[in-house]
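See below for the structure under consideration.
Given the structure is predicted, the values throughout are model-derived calculations rather than measurements.
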Protein chains: 2
Amino acid sequence: MTGRPTSRDVAREAGVSQSTVSLVLGGKWTGRVSPATAAGVRAAAARLGYRPNRAARNLRLGTTRTVLLMVPSLTSPFFGPVYRGAARVAARHGFGVVVYEWPDLPGPAGSPFAAPHEAIDGILASSMAVEAVGGFPGTPAVMLDSDPDGPVPSVGLGVADGMRAIIAHLAALGHTRFGHVAADVDQWTFHSRADALAAAVGAVPGGALVRAGCAIDVASAKAAAGRLLDGPHPPTALVCDDDQISAGAYKAARARGLDVPRDLSVTGFDDVLLATALEPELTTVRLPAEDLGAAGMAALLELLDGGCPAPRTLPGELIVRSSTAAPPRGTR
Amino acid sequence: MTGRPTSRDVAREAGVSQSTVSLVLGGKWTGRVSPATAAGVRAAAARLGYRPNRAARNLRLGTTRTVLLMVPSLTSPFFGPVYRGAARVAARHGFGVVVYEWPDLPGPAGSPFAAPHEAIDGILASSMAVEAVGGFPGTPAVMLDSDPDGPVPSVGLGVADGMRAIIAHLAALGHTRFGHVAADVDQWTFHSRADALAAAVGAVPGGALVRAGCAIDVASAKAAAGRLLDGPHPPTALVCDDDQISAGAYKAARARGLDVPRDLSVTGFDDVLLATALEPELTTVRLPAEDLGAAGMAALLELLDGGCPAPRTLPGELIVRSSTAAPPRGTR
DNA sequence: CCCGCTTGGTCATACGTATTACTAATCCGA
DNA sequence: TCGGATTAGTAATACGTATGACCAAGCGGG
């Protein structure tokens with residue numbers, strides 16, 4: 001017995017049959033096994049340090065009680081909490097979570113989704129295109145923060161409302177000239193932000209909007225914000241698609257001798273750690289990342305259970321900190 | 001055939017036996033199956049959208065080709081890259097990675113390690129105590145950034161050298177009064193930093209060291225740094241255990257009207273995203289997180305292969321940016 | 001012409017578990 | 001006392017794969 005002990009080893013140790021071991025350890029022994037025998041089995045299992053073979057159990061049951069969480073990048077501070085929320089709910093139902101980072105980790109076969117390494121029961125895809133789940137035909141899936149009108153059930157985030165709240169806040173302070181430092185990422189959530197932003201600015205009397213795109217990193221954001229500030233009609237408020245982009249906007253402002261928020265207001269999105277680490281602390285929209293993961297997992301588990309989860313949207317919340325103020329005099 | 005197709009379905013479709021399908025798709029058919037038959041099998045598999053059942057394969061082979069990555073918290077920006085490096089190397093060898101966040105996600109049985117959800121072949125434990133792998137007796141494990149003298153093979157980070165480099169840099173600038181804003185976390189890496197720091201300061205002529213502990217979050221770090229700055233002999237340089245802690249130190253300084261780096265030098269550790277998002281950009285020690293994950297995975301794979309991986313230590317690198325300068329006049 | 005060898009493929013089995021069908025023993029009411 | 005019901009447990013089997021043992025042709029050399 002060099003390898004790990006099996007249920008048969010436990011059976012021999014306890015002087016019963018393998019079936020009995022399985023019944024006892026499976027918890028379905030009520031009325032089939034005497035308490036004394038059950039105790040004996042448990043003791044034997046403990047003595048041998050037995051733990052059931054997952055592969056065998058999965059094969060037998062035809063279910064892995066594992067779901068795949070697909071995220072664009074684990075490095076982003078947004079997805080840690082998403083994972084945590086999802087994993088917590090999953091654990092409560094005896095499910096495990098496997099993370100799949102995409103597109104940074106293409107599968108071995110070239111197609112990124114050719115081979116998720118684990119056998120999975122369902123998919124939770126965060127901030128991804130619907131095609132992302134196309135690699136798993138027939139596997140139940142729930143999308144997070146994606147197009148709610150897509151063919152796959154989803155849990156949404158109130159990003160449009162968040163954008164509207166930002167503009168309302170800035171407009172109330174007196175701003176009319178807005179700059180959108182936009183993430184050049186082809187995800188629904190960013191398209192949605194852009195659309196809501198444009199519409200909201202359109203509703204502001206005398207509102208004007210300029211836009212510059214960038215990657216989601218500080219240097220790229222700094223350059224994009226700089227382009228807006230150096231333009232012919234520089235905005236008095238920079239609306240950023242992401243907290244990290246806001247950090248770039250801060251840098252662009254400082255490089256031009258502009259004080260935030262006295263000379264320039266800046267807003268973020270997400271409310272990740274960075275928002276309060278920056279100086280001044282960032283006015284941003286808090287997205288409930290952990291709740292998103294939890295709600296998505298709950299929906300997926302309901303789906304796996306044969307149910308039909310109701311569409312949900314989790315609202316964002318405008319957090320006003322110190323990076324926004326009235327525009328400087330003489331700019332309106 | 002309501003469920004997913006099996007190798008037997010493919011066999012029927014191709015007019016061969018199940019064994020043949022397995023041989024062909026397993027890639028070991030050279031000299032056993034004619035090219036024509038192999039092509040037919042492949043075509044049939046493609047037509048049916050066949051993908052082998054992982055659970056069955058795992059059971060049969062007795063190996064899952066999956067390793068468990070244990071990290072304290074996925075929310076920390078340090079562990080995303082660690083995961084990525086590990087996953088990349090693993091994928092190249094046909095292995096998958098499952099993440100287990102600890103201690104935030106205790107297992108169902110109360111004991112955090114009672115039940116990792118997947119069957120695993122090995123463990124990569126990052127910045128954790130050796131006890132962390134005790135829950136998996138007999139499972140090959142490699143520790144990352146942990147005590148190299150422990151009973152488990154490990155890949156180290158040159159954190160002690162990093163601390164020495166920081167002190168050397170600050171001492172060269174003229175600092176003698178150092179404050180250590182220390183992470184109150186019982187991990188080897190932080191003990192190691194503290195020891196190296198104390199020794200290095202002891203070697204500075206006239207060197208003095210005060211210390212304040214905090215949790216790894218901005219608010220707690222701000223408070224701790226404040227305690228040092230308000231003490232009887234305020235340091236001229238704050239050495240922080242972590243970039244995030246440095247952000248707190250910045251805030252404490254600003255709250256007291258101190259300019260970084262004119263009135264106070266601040267250093268970080270890790271060189272995560274935050275380091276360049278802050279103003280001024282942070283002098284810190286870059287830890288090669290992605291390389292760490294990659295090297296750890298390589299060592300683990302070697303271990304799984306029956307080899308005996310040589311101990312390695314990846315050096316940190318001092319990155320001098322704008323948060324350090326000579327101490328203000330009159331302070332020495 | 002027969003035997004050994006190669007080629008191309010199939011049969012049977014085992015991995016470890018969960019569960020259904022079955023049996024042996026005990027019990028209780030009439 | 002007897003027979004149905006209950007209790008306590010076992011035997012057998014299937015999940016889907018990979019692989020070692022086996023086997024049927026074909027073929028060429030002696």
Side-chain angles (χ1 to χ4, degrees), chain A residues 1-42 44-45 48-66 94 115 117-121, chain B residues 1-42 44-45 48-66 94 115 117-121:
Chain A
M1 195 181 55
T2 146
R4 263 174 45 178
T6 74
S7 62
R8 229 173 295 268
D9 295 324
V10 176
R12 197 176 316 120
E13 172 85 8
V16 298
S17 76
Q18 181 267 332
S19 335
T20 305
V21 172
S22 188
L23 285 174
V24 170
L25 268 39
K28 318 195 167 173
W29 55 282
T30 340
R32 313 226 355 185
V33 179
S34 75
T37 311
V41 168
R42 266 193 253 276
L48 266 51
Y50 168 75
R51 281 187 323 177
N53 181 313
R54 218 101 213 182
R57 160 176 276 166
N58 288 347
L59 175 58
R60 172 67 226 235
L61 296 179
T63 174
T64 59
R65 296 189 84 76
T66 297
H117 208 80
E118 301 301 321
I120 54 168
D121 288 347
Chain B
M1 195 180 56
T2 145
R4 263 173 46 176
T6 74
S7 63
R8 227 174 296 267
D9 296 325
V10 176
R12 198 177 313 121
E13 171 85 9
V16 297
S17 75
Q18 181 266 332
S19 335
T20 305
V21 172
S22 188
L23 285 173
V24 171
L25 268 40
K28 317 196 168 173
W29 56 281
T30 339
R32 311 224 358 183
V33 179
S34 75
T37 310
V41 167
R42 267 192 253 277
L48 267 51
Y50 168 74
R51 280 187 326 174
N53 181 314
R54 282 274 176 209
R57 160 177 272 164
N58 288 348
L59 175 58
R60 172 67 224 236
L61 295 179
T63 175
T64 60
R65 296 189 86 75
T66 297
H117 207 81
E118 300 302 321
I120 54 168
D121 288 346

task: Could you tell me which residues satisfy side chain to side chain contact (heavy atoms under 4.5 Å, CB included) with Arg8(A), sequence neighbours excluded, listed by chain and number?
output: Thr6(A), Gln18(A)

query: Once you build an axis from the first five pairs and another from the last five of the helix from dC1(C)-dG30(D) to dA30(C)-dT1(D), how far apart in angle are they, to 10 degrees?
result: 60°

message: Suppose we screen for side chain to side chain contact (heavy atoms under 4.5 Å, CB included). Which residues come up paired with Ala45(B), at least two apart in sequence or across chains?
response: Val10(B), Leu25(B), Tyr50(B)

- request: Could you list the residues that satisfy side chain to side chain donor-acceptor pair (under 3.5 Å) with Ser22(B), not counting sequence neighbours?
  value: none

task: Report the residues that fulfil side chain to side chain contact (heavy atoms under 4.5 Å, CB included) with Arg57(A), sequence neighbours left out, ordered by chain and then residue number.
output: Pro52(A), Arg54(A), Leu61(A)

message: If the condition is side chain to side chain donor-acceptor pair (under 3.5 Å), which residues does Asp121(B) pass it with, not counting sequence neighbours?
response: Thr63(B), Thr64(B)

message: Could you measure the distance from the OG atom of Ser7(A) to the CZ atom of Arg51(A)? Nearest 0.5 Å is fine.
response: 14.5 Å

- prompt: Do you know the tightest heavy-atom contact between Pro5(B) and Asp9(B)?
  reply: CA-OD2, 3.3 Å

Write down the protein N/O and nucleotide N/O pairs, taken from nucleotides 26-28 of chain C, whose separation is under 3.5 Å; answer none if there are no such pairs.
none

field: With Ala56(B) via side chain to side chain contact (heavy atoms under 4.5 Å, CB included) - residues at least two apart
entry: Leu59(A), Asn53(B)

statement: One should read off an interatomic distance between Asn58(B) CG and Thr66(B) OG1, to the nearest 0.5 angstrom, of 6.5 Å

- request: Determine, for nucleotides 6-14 of chain C in 5'-to-3' order, which nucleotides have protein heavy atoms under 4.0 Å from the base (write B), from only the sugar-phosphate (write S), or from neither (write -).
  value: --BBBBB-B

message: Side chains of Val33(B) and Thr20(B), heavy atoms from C-beta outward: is any pair under 4.5 Å?
response: yes

- prompt: Just checking Leu61(A): base, sugar-phosphate only, or nothing, at a heavy-atom cut-off of under 4.0 Å?
  reply: sugar-phosphate

- request: Identify the heavy atoms of Ala14(A) and Ala44(A) that sit nearest to each other, and give their distance.
  value: CB-CB, 3.7 Å

- prompt: Going 5' to 3' on DNA chain D, which nucleotide is the first and which the last to come under 4.0 Å of a heavy atom in chain A?
  reply: dA8(D) to dG16(D)

task: Specify the closest pair of heavy atoms between Val41(A) and Val16(A), including all atoms of both residues, with the distance to one decimal.
output: CG2-CG2, 3.9 Å

